[in-house]
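Convention: sequence-line order gives letters A, B, ...; per-chain numbering from 1. Just so you know, these numbers use all the heavy atoms, side chains as well, and skip hydrogens, waters and symmetry mates. As the structure is a prediction and not an experimental result, all values here were calculated from the model.
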Number of protein chains: 2
Amino acid sequence: MARTTQEQYKAQARVLKALAHPTRLLLVEELARHPRCVCDLRDAAGLDISTVSKHLSLLRNAGIVVDEKRGLKVFYSLKTPCVLNFFKCVESVRACSK
Amino acid sequence: MARTTQEQYKAQARVLKALAHPTRLLLVEELARHPRCVCDLRDAAGLDISTVSKHLSLLRNAGIVVDEKRGLKVFYSLKTPCVLNFFKCVESVRACSK
DNA sequence: AGAATATTTGGCCAAACTGCCAAATAGTCA
DNA sequence: TGACTATTTGGCAGTTTGGCCAAATATTCT
């Protein structure tokens, strides 16, 4: 297998960075249950809706969620449910590092 | 299962954040092969040794690596090899999001 | 002790991040 | 069209990040 390049590390880091924020982890977990509109996610996060919208847009750019407009509302859902594996991974790191 | 708390999200985010940098991913991959001293890792990363030292200290604080002094050198190694699962996870996200 | 080597720490600076508010945009409905 | 709702965008302020250099620290060896 070829050595990992600097570009590959950057791409990997982009994905991890997108998830590396408490609010975005909460959003991902909410979306794991089922698709939600921004206003529902604002309630779940307890932040200004513009802040939530920016977090979602960041997750979309990272390829983690997708959005779909229905009438006035925009529904977000997980594009890559495999991202939920991260939760388990993180918990094992935290368990190991006790 | 109890709902994830804000504190838990913060703790999870700290782990992800520690990994969310190209240089630190490179360091982790190097350490996955075998323990290395800082000077070797500096060569692998191609950065100032003080910069590498700070990245390693950050990884140590996150519980991802441990250090051991041997003579003049300090050897770092993975504390939680399970962290390597992240590479696979990230690659699947990137694969999903094509 | 003094010289040499390996690492860490502190300081600096430019860039990125994250929250809020206000304004702009898009869609619905009377 | 005009009012209303949902979301996004732009801008501001305070904080964090990540690189380098210089200085401090720790260890070894003569």
Legend entry - Stepwise side-chain contact (heavy atoms from CB on, under 4.5 Å) test for B:S92 and A:T80: CA-CA 8 Å; B:S92 17; A:T80 62; over 6 Å; no
Inset, instruction - When you get a sec, tell me which of C:dT5, C:dC17, C:dA26 is the closest nucleotide to the side chain of A:K69? - result: C:dA26
Quick one: [X] [atom1] to [N] [atom2], roughly how many Å, whole number?
X: A:R60; N: D:dT7; atom1: CZ; atom2: P; result: 13 Å
X: B:N61; N: D:dT16; atom1: CG; atom2: P; result: 15 Å
X: A:K17; N: C:dC17; atom1: NZ; atom2: C1'; result: 8 Å
X: A:Q6; N: D:dG18; atom1: CD; atom2: P; result: 13 Å
X: A:L25; N: C:dT18; atom1: CG; atom2: C1'; result: 15 Å
X: A:K10; N: D:dG19; atom1: NZ; atom2: P; result: 11 Å
X: B:L72; N: C:dA3; atom1: CG; atom2: P; result: 17 Å
X: A:L27; N: C:dT18; atom1: CG; atom2: C1'; result: 13 Å

Please output the side-chain donor-acceptor pairs of residues 10-28 of chain B that fall under 3.5 Å, not counting sequence neighbours, one pair per line with the distance.
| from | atom 1 | to | atom 2 | distance (Å) |
| --- | --- | --- | --- | --- |
| B:Q12 | NE2 | A:E91 | OE2 | 2.7 |
| B:H21 | ND1 | B:T23 | N | 3.1 |
| B:R24 | NE | B:A18 | O | 2.5 |
| B:R24 | NH1 | B:H55 | ND1 | 3.0 |
| B:R24 | NH2 | B:K17 | O | 3.3 |

Inset, instruction - Tell me whether the OP1 or OP2 atom of D:dG18 has a side-chain N or O from B:H21 closer than 4.0 Å. - result: yes
Legend entry - Under-4.0 Å side-chain N/O to phosphate OP1/OP2 contact, A:Y76 with D:dA6: no
Linking I/L/V/M/F/W/Y whenever their side-chain heavy atoms sit closer than 4.5 Å, directly or via other members, would [X] and [Y] fall into one cluster?
X: B:V74; Y: B:I49; answer: yes
X: A:F75; Y: A:L78; answer: no
X: A:L59; Y: A:F87; answer: yes

Inset, instruction - Could you identify which residues of residues 33-40 of chain B place a heavy atom less than 4.0 Å from some atom of DNA chain C, listed by residue number, or say none? - result: B:C37, B:V38, B:C39
Legend entry - Residues in contact with DNA chain D, drawn from residues 48-58 of chain A - heavy-atom cutoff 4.0 Å: A:I49, A:S50, A:S53, A:K54
What nucleic acid atoms does [X] come within less than 4.0 Å of, heavy atoms only: base, sugar-phosphate, or nothing?
X: A:R24; value: sugar-phosphate
X: B:R70; value: nothing
X: B:F75; value: nothing

Can you list, pair by pair, the side-chain donor-acceptor contacts under 3.5 Å of residues 60-72 of chain B, counting residues two or more places apart and other chains?
| from | atom 1 | to | atom 2 | distance (Å) |
| --- | --- | --- | --- | --- |
| B:R60 | NH2 | B:Y76 | OH | 3.3 |
| B:N61 | ND2 | B:S57 | O | 3.4 |

Inset, instruction - Toss me the dot-bracket line for DNA chain D: Watson-Crick and G-U wobble, both under 3.5 Å, 5' to 3', using | for pairs to another strand and [ ] for crossers. - result: ||||||||||||||||||||||||||||||
Inset, instruction - Evaluate the side-chain contact (heavy atoms from CB on, under 4.5 Å) criterion for residues B:F86 and B:K88: first the C-alpha distance (whole Å), next the side-chain angles of each, then the deciding distance (0.1 Å), finally the verdict. - result: CA-CA 5 Å; B:F86 279 85; B:K88 291 178 202 147; over 6 Å; no
Side chains of residues 29-44 of chain A: which donor-acceptor pairs under 3.5 Å do they make with residues two or more places apart or in other chains?
| from | atom 1 | to | atom 2 | distance (Å) |
| --- | --- | --- | --- | --- |
| A:E29 | OE1 | B:T4 | OG1 | 3.0 |
| A:E29 | OE1 | B:Y9 | OH | 2.4 |
| A:E29 | OE2 | B:T4 | OG1 | 3.1 |
| A:E30 | OE1 | A:R36 | NH1 | 2.6 |
| A:E30 | OE2 | B:R3 | NH2 | 2.3 |

